[in-house]
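Report on one structure; see the data block that follows.
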Amino acid sequence: MQVNPYLFFNGNCEAAFKFYQQVLGGKIEAMITHEGTPAADHVPAEWRSKIMHARLVTDDQVLMASDAPPGHYQAPQGFSVSLNVSSAAEAERVFKALSEGGVVRMPLEKTFWAIRFGMCADRFGIPWMVNCEEPR
């Protein structure tokens with residue numbers, strides 16, 4: 001079994017996933033619009049170029065998303081996408097990129113459990129936690 005976050009965006013899923021691919025690495029394996037699918041008839045014409053399904057794979061992890069249909073978008077709340085990275089330098093790079101243009105909720109810093117830990121919401125409104133644990 002694999003548990004994967006599935007994110008909903010308000011029309012900017014494509015931009016978000018291209019950004020995540022740049023920051024997190026990996027490969028966008030799917031970026032399917034409504035256009036040319038049976039779903040095209042169920043969305044307004046101006047929404048047909050929006051993303052019906054996106055899939056980003058980095059290492060063995062999967063992040064999926066889509067643009068919520070018009071009138072159905074809800075701002076993310078009650079969760080964070082948690083990233084565990086292997087070095088303080090990588091934590092700093094990723095946190096800086098994700099928080100740029102967004103909101104830092106807890107600065108990236110040393111904690112009693114981690115070399116670095118921080119929380120932010122990116123420019124797309126998605127909440128993230130970046131964690132780099134102490135070596136064992």
Side-chain angles (χ1 to χ4, degrees):
M1 179 183 297
Q2 186 177 30
V3 177
N4 302 315
Y6 199 103
L7 308 175
F8 290 96
F9 293 88
N10 194 21
N12 54 5
C13 180
E14 183 174 2
F17 262 53
K18 287 179 178 178
F19 172 68
Y20 299 154
Q21 179 176 310
Q22 178 186 11
V23 173
L24 305 176
K27 180 180 177 188
I28 294 174
E29 292 188 345
M31 187 73 74
I32 303 166
T33 64
H34 292 86
E35 193 67 48
T37 74
D41 294 336
H42 301 282
V43 296
E46 65 275 7
W47 202 259
R48 291 182 183 151
S49 65
K50 300 302 181 185
I51 303 304
M52 185 176 75
H53 179 69
R55 177 182 169 97
L56 172 67
V57 177
T58 179
D59 296 323
D60 62 346
Q61 302 300 305
V62 177
L63 185 64
M64 297 185 290
S66 64
D67 286 311
H72 294 276
Y73 175 77
Q74 296 178 7
Q77 63 180 11
F79 76 96
S80 290
V81 180
S82 179
L83 298 175
N84 291 291
V85 299
S86 59
S87 72
E90 180 69 352
E92 290 166 10
R93 183 193 69 78
V94 169
F95 189 82
K96 180 180 179 188
L98 289 174
S99 63
E100 188 174 321
V103 176
V104 173
R105 295 189 171 149
M106 179 180 173
L108 187 72
E109 58 193 9
K110 184 169 177 38
T111 66
F112 67 90
W113 73 87
I115 295 170
R116 297 286 186 280
F117 177 81
M119 299 172 66
C120 67
D122 68 24
R123 64 181 113 169
F124 304 101
I126 301 300
W128 296 87
M129 295 188 306
V130 177
N131 190 60
C132 178
E133 294 178 352
E134 296 277 354
R136 295 177 190 216

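All values reported here derive from a predicted model rather than from experimental measurement.
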Report yes or no: do [X] and [Y] belong to one cluster of Ile/Leu/Val/Met/Phe/Trp/Tyr joined by side chain heavy-atom distances under 4.5 Å?
X      : Y      : value
Leu83  : Val23  : yes
Leu98  : Met106 : no
Val57  : Ile28  : no
Met119 : Val94  : no
Val81  : Leu108 : yes

[X] side, atom [atom1]; [Y] side, atom [atom2] - distance, nearest 0.5 Å:
X      : Y      : atom1 : atom2 : answer
Trp47  : Thr33  : CH2   : OG1   : 12.5 Å
Phe8   : Ile51  : CZ    : CD1   : 13.5 Å
Leu56  : Gln61  : CG    : CD    : 11.0 Å
Lys50  : His34  : NZ    : NE2   : 11.0 Å
Asp67  : Met52  : CG    : CE    : 11.5 Å
Glu109 : Phe117 : CD    : CZ    : 10.0 Å

### Query
Are the side chains of Phe95 and Val85 in touch, meaning some heavy atoms are under 4.5 Å apart?
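The answer is no; the side chains never approach within 4.5 Å.
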### Task
Could you check if a side-chain atom of Tyr20 sits within less than 4.5 angstrom of a side-chain atom of Thr58, using non-hydrogen atoms only?
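Tyr20 vs Thr58: side chains apart.
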### Task
For the pair Arg105 and Trp128, evaluate side-chain contact (heavy atoms from CB on, under 4.5 Å) and give the outcome as yes or no after the intermediate values.
CA-CA 9 Å; Arg105 295 189 171 149; Trp128 296 87; over 6 Å; no
Which atom names give the shortest non-hydrogen contact between [X] and [Y], and what distance separates them?
X      : Y      : result
Val62  : Pro5   : O-CD, 3.6 Å
Ala40  : Arg48  : O-NE, 2.8 Å
Pro76  : Gly125 : CG-O, 3.5 Å
Ala65  : Phe17  : CB-CE1, 3.3 Å
Cys132 : Ala114 : O-CB, 3.2 Å

### Message
Tell me if the CD atom of Glu134 is crowded by more than 12 foreign heavy atoms within 6.0 Å.
### Response
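Yes, the 6.0 Å shell around CD holds more than 12 heavy atoms from other groups.
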#### Entry: Phe19 vs Arg123, side-chain contact (heavy atoms from CB on, under 4.5 Å): CA-CA, chis, key distance, verdict
CA-CA 10 Å; Phe19 172 68; Arg123 64 181 113 169; 2.7 Å; yes
### Task
I would like to know whether Glu100 and Lys96 meet salt bridge (Lys or Arg N to Asp or Glu O under 4.0 Å); could you show each step before the answer?
CA-CA 6 Å; Glu100 188 174 321; Lys96 180 180 179 188; 5.9 Å; no
#### Entry: Test log, rule side-chain contact (heavy atoms from CB on, under 4.5 Å), inputs Asn10 and Phe124
CA-CA 9 Å; Asn10 194 21; Phe124 304 101; over 6 Å; no
### Query
Trp113 and Asn131: side-chain donor and acceptor closer than 3.5 Å?
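A donor-acceptor contact under 3.5 Å links the two side chains.
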